[in-house]
Protein chains: 2
Amino acid sequence: MPRAPQRSETMSIARLAKHLGLSEGTVSRALNNYPDIADKTIARVRKAADELGYRPSTTARRLARGVVETIGFVLPARHGHQIDPFLAEILDGLATELALSDWDLLVAAVPEGHDEVEVMDRLIRSGKVGGFVIARTRRHDPRIDYLRKSHIPFVVQGRTEDCDDYAWLDIDNEKAFIDAMGHLVGLGHRKIAYLGGDPDLNYAWQRRSGYLSAAKTHGCDVLDGYLHDGITDEMAARHAVADLLKHPDRPTAILCVTDAVAIGAIHALAHAGITVGEEISVIGFDGLPMGEAIHPGLTTMSQASYQVGRAVGRIVVEQANAPASEFSQILWEATLTIRGSANPPAPKLVTNAKGGIS
Amino acid sequence: MPRAPQRSETMSIARLAKHLGLSEGTVSRALNNYPDIADKTIARVRKAADELGYRPSTTARRLARGVVETIGFVLPARHGHQIDPFLAEILDGLATELALSDWDLLVAAVPEGHDEVEVMDRLIRSGKVGGFVIARTRRHDPRIDYLRKSHIPFVVQGRTEDCDDYAWLDIDNEKAFIDAMGHLVGLGHRKIAYLGGDPDLNYAWQRRSGYLSAAKTHGCDVLDGYLHDGITDEMAARHAVADLLKHPDRPTAILCVTDAVAIGAIHALAHAGITVGEEISVIGFDGLPMGEAIHPGLTTMSQASYQVGRAVGRIVVEQANAPASEFSQILWEATLTIRGSANPPAPKLVTNAKGGIS
DNA sequence: TTGTACGCGTTATCAC
DNA sequence: GTGATAACGCGTACAA
């Protein structure tokens, strides 16, 4: 006798079949809804399987069928600073949706000294995953270049600049920031600064574009020193705000690429003795719960991360089940959540004042 | 010939063996460091495997070996409110550590209408995971009762009240809150209120115990209305603070079970026109980056979530490799991070004033 | 409607 | 030191 880890405790299809006096093949077909099995037999098999707690081995099933019902998600490499606050929400939504179709979620990190594509390649080649969900998408993203060639289903949360030939779900970041600018302009602001993130990340680039485009539309001059890129944490936000406060033509409003940056900015302003929401308005993006808890409350563009995760999960499973179908390409809108941090500019600073301070 | 998904593209051990003119067995042993293969052969096989991009199928390997090098993590069910902020950090650390041992991380959600134990049972029975990491541990936790019986390796982040017979890694929450109380008392506070979480969750219970124990030690009366349980979000924190402000003997400090609650409390106090850090001090727990960005900065007990994830990952793999060994039971300490939200009480309210207001 | 037999890719055991 | 061969548990084409 060879070896093989004796799992006599485990209920296998062989033991179930013997117990029923049927062949393994019949049992398998009965449990997998084959049309050519007698209803009686199906019922009998089902009942026994249930009673004996039989659960097919995913491993064996994979080997036999050659498909892997597992989606891979590679956590963005953390270079020092912490992970996106809504990543957990997306994962939650993703896992929930996948569970509905009996798919699993494999989460992988990128070890020091390796890169994301390498990790993904290993996961595919070793047959651990049958599809991918990508997040934190860059304008040009090597992960997507890789996946395009690899013929496995994948869905991108966000998108690259060339995004015709794959499935994605993105927030309309550009529109969101055009809307945010519209809100500020409607309140009477014209001198609006921008604290942007890493312009390689496409969401940051799109938001920046929205800001610039709306500034042009509304005739708001983006003065030298109004536009800051590479603001990715509170510390950077503080320094940028310090610069803005020294600006000869101080802005009356600051638009921020994320809530985290906005909260850093608010902190810096408060420290400088500036009343946020009166002397200077601030708007963020994300809709973090924290924005509601700070003072003043953060006016922000909200996105539903959990729902994004669910939708992305649904799409990737659909794609795996119908590989030849069209790519879903979906654009969702962020919604403006108005709180205390953005109000009409202080009268003395306004050319055309239209109202007081709330 | 039956069917079988033709994966002629994939490099299997059979194709590799044929290419080399060797038997599959020899190739397998060469790649798996068997002692009885000629060094030349090993080198030759290695080289060919590398060149042809051979990567053993995890599925087939699992079936043959009967082991699953995958750890399951069940996301805490979200009943409305959002997910723990440091969960992503823990997952990141966990996945990173697992990757070092070539283990994987399977993340599962609990679908509506099911419970966590059910999900875990399915994952084990279907052979999808070979171990578990548990978080958000309750004082009595059915998940752990289940795992104790199931003879698979698992590690608990946190612990139940009866925790002798399994591996865990916990923060010393009780000591942390004793320390926090010590800090407040050292500053001159005696009237200290507590905003606690769900007392079924053991971390919340432990922190509560630390508060009560230190209050007794230092002779701080926990007046009627000073101790609030079940504060799990900012809204609840606000209501509780409103109550505290109406208290005939208003506290000079508020200790909060988490940073999220503390930030909610700070907001509520600010709204009521109370200067946080002067009229009333606030201390939280977690060390969220946000605590640094708010005003005043949040004095808090910090824990290193990412490192917790890494340690837990290391332990669970160790346990899988040496099932008979002792259970690791590790207690880490949180560290006090002092910022602006906690200072000596306002002089008029203090019996024994020892200093001014910073 | 059901039983038979083979294959998925790998590893372990036993001969040679 | 290497080659056969039998499992691991399941799915399915084909025969009955």
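Order of the sequence lines fixes the chain letters, A, B, ..., with proteins taken first and strands second; residue numbering starts at 1 for each chain.
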Self-check item: Minimum-distance nucleotide to A/Ser12 side chain [options: C/dG9, C/dT1, D/dG9]
Solution: D/dG9

Quiz prompt | Gap between atom CD1 of A/Ile144 and atom CZ of A/Phe132 - 0.5 Å precision | solution = 12.5 Å

Practice problem: Taking A/Arg29 for its side chain and A/Gly25 for its backbone only, find out whether a donor-acceptor pair lies under 3.5 Å. | Solution: yes

Practice problem: From the options C/dT2, C/dG9, C/dC8, select the nucleotide whose nearest atom is closest to the side chain of A/Ala64. | Solution: C/dC8

Quiz item: Which nucleotide in the set C/dT2, D/dC10, C/dG9 lies at the smallest distance from any side-chain heavy atom of B/Leu63?
Solution: C/dG9

Quiz prompt | Side chain B/Arg62 and base C/dG9 donor-acceptor under 3.5 Å | solution = no

Quiz item: Taking only N and O in the side chain of A/Ser57, is any of them less than 4.0 Å away from OP1 or OP2 of D/dG9?
Solution: no

Exercise. Select base, sugar-phosphate, or nothing to describe what A/Ser28 touches, counting heavy atoms under 4.0 Å on all strands.
Key: base

Quiz item: Can you tell me if the side-chain N/O atoms of B/Tyr54 get under 4.0 Å from OP1 or OP2 in C/dT10?
Solution: yes

Exercise. Find the distance A/Tyr34:OH to C/dT1:P and express it as a whole number of Å.
Key: 16 Å

Practice problem: For B/Glu24 and C/dC8, give me the distance from atom CD to atom P, rounded to whole Å. | Solution: 10 Å

Quiz item: Just how far, in rounded Å, is P of D/dT2 from CG of B/Leu31?
Solution: 13 Å

Self-check item: B/Ser23, nearest nucleotide to its side chain (from C/dT11, D/dT2, D/dG3)
Solution: D/dG3

Practice problem: Could you tell me the separation between the CD1 atom of B/Ile37 and the P atom of C/dT11, rounded to a whole number of Å? | Solution: 13 Å

Quiz item: B/Arg61 and A/Ser126: side-chain donor and acceptor closer than 3.5 Å?
Solution: no

Quiz item: Between C/dC8 and B/Thr59, is there an OP1 or OP2 to side-chain N/O distance shorter than 4.0 Å?
Solution: no

Quiz prompt | Euclidean distance, atom CE of residue B/Met11 to atom C1' of C/dT10 [Å, nearest integer] | solution = 16 Å

Quiz item: Are OP1 or OP2 of C/dG3 and a side-chain N or O of A/Thr26 less than 4.0 angstrom apart?
Solution: yes

Quiz prompt | Flag for B/Arg314-B/Ser101: side-chain donor and acceptor within less than 3.5 Å | solution = no

Quiz prompt | Per B/Arg29 side chain, nearest of listed nucleotides D/dG3, C/dT2, C/dT10 | solution = D/dG3

Quiz item: Quick one: on DNA chain C, does A/Ala38 or B/Thr58 contact a more 5' nucleotide (nearest heavy atom)?
Solution: A/Ala38

Quiz item: Going by distance alone, is a donor N or O of one side chain under 3.5 Å from an acceptor N or O of the other, for B/Tyr34 and B/Ser28?
Solution: no

Quiz item: DNA chain C: A/Ala60 or A/Ile42, which has the more 5' nearest nucleotide?
Solution: A/Ile42

Quiz prompt | Rounded distance (Å) that lies between atom P of D/dC10 and atom CG of A/Leu22 | solution = 15 Å

Exercise. Write down the distance between CG (A/Asn32) and C1' (D/dG9), rounded to a whole number of angstrom.
Key: 13 Å

Exercise. Answer yes or no: side-chain N or O of A/Arg65 and base N or O of C/dG7 forming a donor-acceptor pair under 3.5 Å.
Key: no

Quiz item: Of A/Asp164, A/Asp141, A/Asp170, which meets side-chain hydrogen bond (donor to acceptor under 3.5 Å, both in side chains) against A/Arg159?
Solution: A/Asp170

Quiz prompt | Protein-nucleotide distance (A/Ile13, atom CD1; C/dC8, atom P), rounded to Å | solution = 19 Å

